[in-house]
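A short worksheet on the structure shown next.
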Amino acid sequence: MTKTIMLVDDSDSLRHLVRIVLEGEGYGLIEACDGCDALSKLNGRKVHLIISDINMPNMDGLTFVKAVRNLPDHKFAPIIMLTTNHHEASRKEAREAGVKAWMVKPFDKLQLLEMVSRFAMP
Amino acid sequence: MSGLGKMEMAMRADADAWLWMSPLASGGAGAIALLGVTWLGGAAAQFAVAVAAFAALCAWGSAYRQRTVLAQLLRQAEGLLEQTRQAQRQEGGIAGLEQICDQAAPIWAKQVETARSQTEEGITEVTARFSRIVERLQASVAASQKAAGGGGIEGGCVVSVLSRSEADLIAVNRLMDEARRERDVMVQDVRELIAYTVDLKKMANDVGEIASQTNLLALNAAIEAARAGEAGRGFAVVADEVRKLSTLSSDTGKKIFEKVDVINKAITAVIAVAEKFSAEDTRSVAESEKTIHRVLENFNEVAGGLCESSEMLRRESEGIRAEMSDTLVYLQFQDRVSQILAHVRDNLGKLHSRLSQYATERGSGGSAAIDAEVWLNEMALGYTTAEQRNNHRGDQAGATPVAAEITFF
């Protein structure tokens, strides 16, 4: 069965890069340009993993993560942060919100695939 | 103490001195008049008192005017000092902005330089990588063309080799088909001859049997004719004719056997022909085997070349995939550059707004000071990347990080 990954990032080019990598390995992808867009696209849909940026317009990544934790269908969805952000305070906040891992851009293809394979729900 | 402050104090001291000196001058004039009264006496003394009084009045008036002027000057100085203080406060605000510009501008320059260097490094790397990809693709295409263009087979590409191989196989097939048809004809002939032989043998047996029975019957008839005497003489003639017929029948049987011999010879000849065809079939099969072997060798050579080409293409594809994977990493510089430049852009916008606000406040005579340290700290709070913070601290402008940093929670 094809696993579905949700990617939340306001950068078109980065979403394009991640799409190339993940679709090349057979994953399905749902793209969103910010937290609000992601919440509207989740809407009960089954996703095996969420990859989210931090700094985004409308709704930032940490706010989005906390909102996801309040959704009954996605309360335990595994989430990885993929960001340029180095703030320790943000990492702490993400960890407390139940984020599985924090990956600083630029990402390495194999590392990203390993992370996805490791954390995507069966 | 500022120069204006010192001037203010000096001017105040000077004004107070003038105010104190005026009564002293009036007192001095009065003392001179008293000495004149004492020394001159009489009318002269009255004149002297009048002069002294006039002098004292003039001195007091002069001192009063001087005091009034000094007071006016002091008020003007105080007004000037107040204006100076305002100007000083205003100049203090401008100095804050200058301080911000002085400290922030180099940081902005480093941020921009970081963005520029990352862009340059990324684009350079991408260009180099894509160049290598193109070169390797060209090598793959050349290898494929070389394999398709001969691979050791004289003067032929894969298409012509296949064409020749097909013609050879068709020829072999035709030979085998001809041999098969000739063999079928021969087998059919042999079968027909065998059928004739069986019939002829049966006929020969029948004829011999009939002749034997007829001869026996003629012999019995002759015996019975002899026993009848004269009456049986004619019957004896018939019996004799029958015996002759049986003899003829026996001769016919012999002829049949002769025909059978002929047929046997014919069968022998046919068998000889069949053996000859069998030998030709054997040679044809041998030739076919050689042809097939030659065709297979050709195919093996082509297949070998294709395998080598395939392996090379596989390795090249693997290399290209690795290159593309690395290229993807370097293309992410755009995201970091975008964030850095966006931060600089936002801060420039904030500075522009603050300057506009300053101009408005200055126009209305209010204070417009900016705390540079607060401003810089606020600017630092907006940083997301490590290189932004490094630049802010004054480290050398950094290049694009190449390894992903992963933290597992």
Side-chain angles (χ1 to χ4, degrees), chain A residues 7 9-25 33 51 53-57 60-62 65 78-116 118-119, chain B residues 111 114-115 118-119 121-123 125-126 129 133 317-346 377 380-393 395 398-409:
Chain A
L7 174 64
D9 200 307
D10 58 330
S11 168
D12 290 340
S13 61
L14 191 113
R15 291 204 308 272
H16 182 71
L17 295 178
V18 174
R19 184 169 67 242
I20 290 173
V21 172
L22 295 184
E23 289 185 345
E25 294 298 318
C33 62
I51 302 173
D53 189 14
I54 292 286
N55 302 305
M56 294 180 291
D60 64 77
L62 292 173
V65 170
I79 302 176
I80 296 172
M81 307 310 292
L82 179 61
T83 176
T84 57
N85 196 317
H86 282 76
H87 285 162
E88 188 54 41
S90 299
R91 291 189 204 214
K92 183 173 180 291
E93 197 173 349
R95 184 173 63 247
E96 289 171 354
V99 169
K100 294 289 185 184
W102 184 282
M103 191 171 190
V104 177
K105 301 172 190 173
F107 69 82
D108 175 78
K109 177 187 172 183
L110 296 179
Q111 284 183 324
L112 178 65
L113 289 174
E114 183 185 347
M115 296 270 281
V116 171
R118 180 172 177 173
F119 290 113
Chain B
Q111 308 288 27
T114 297
Q118 287 185 0
T119 304
E121 288 172 14
I123 289 176
E125 188 65 29
V126 166
R129 298 265 179 178
I133 289 171
S317 297
E318 186 62 33
I320 290 169
R321 279 199 297 273
E323 291 280 354
M324 291 298 293
S325 180
D326 292 341
T327 303
L328 287 176
V329 173
Y330 284 102
L331 285 176
Q332 294 174 75
F333 75 93
Q334 187 271 341
D335 192 38
R336 302 182 75 85
V337 168
S338 177
Q339 292 205 28
I340 292 170
L341 292 179
H343 185 262
V344 172
R345 177 200 62 202
D346 293 344
N377 288 336
L381 287 176
Y383 295 146
T384 57
T385 67
E387 53 265 39
Q388 281 178 303
R389 282 193 286 277
N390 292 339
N391 290 335
H392 191 100
R393 286 196 299 266
D395 298 344
T400 310
V402 293
E405 176 188 331
I406 301 174
T407 305
F408 294 100
F409 298 137

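First the proteins, then the strands, lettered A, B, ... as listed; each starts at 1.
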Report yes if the side chains of [X] and [Y] come closer than 4.5 Å at any heavy-atom pair, otherwise no.
X: B/Ile406; Y: A/Gln111; answer: yes
X: A/Phe107; Y: B/Glu405; answer: no
X: A/Asn55; Y: B/His343; answer: no

Minimum heavy-atom separation for B/Arg336 and A/Val104, please, with both atom names.
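Shortest heavy-atom separation between B/Arg336 and A/Val104 comes out as NH1-CG1, 4.2 Å.
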Where the side chain of A/His86 meets the backbone of B/Glu387, is there a donor-acceptor pair that is under 3.5 Å apart?
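No, because the side chain of A/His86 does not come within donor-acceptor range (under 3.5 Å) of the backbone of B/Glu387.
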Using 0.5 Å steps for rounding, measure from the CE atom of A/Met103 to the OG1 atom of B/Thr407.
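A/Met103 atom CE to B/Thr407 atom OG1 measures 10.5 Å (nearest 0.5 Å).
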Please indicate whether A/Glu23 has more than 12 foreign heavy atoms, meaning atoms of other residues, nucleotides or ligands, lying under 6.0 Å from its CD.
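Counting neighbours around CD of A/Glu23, more than 12 heavy atoms of other residues, nucleotides or ligands fall under 6.0 Å, so yes.
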side-chain contact (heavy atoms from CB on, under 4.5 Å) between A/Lys92 and B/Phe409, worked out:
CA-CA 9 Å; A/Lys92 183 173 180 291; B/Phe409 298 137; over 6 Å; no
Interface moiety of A/Met115 toward chain B, non-hydrogen atoms closer than 4.5 Å
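The answer is the side chain of A/Met115.
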With a 4.0 Å cut-off on N to O distance, would you call B/Arg389 and A/Glu88 a salt bridge?
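Looking at A/Glu88 together with B/Arg389, the answer is no, because their closest N to O distance does not fall below 4.0 Å.
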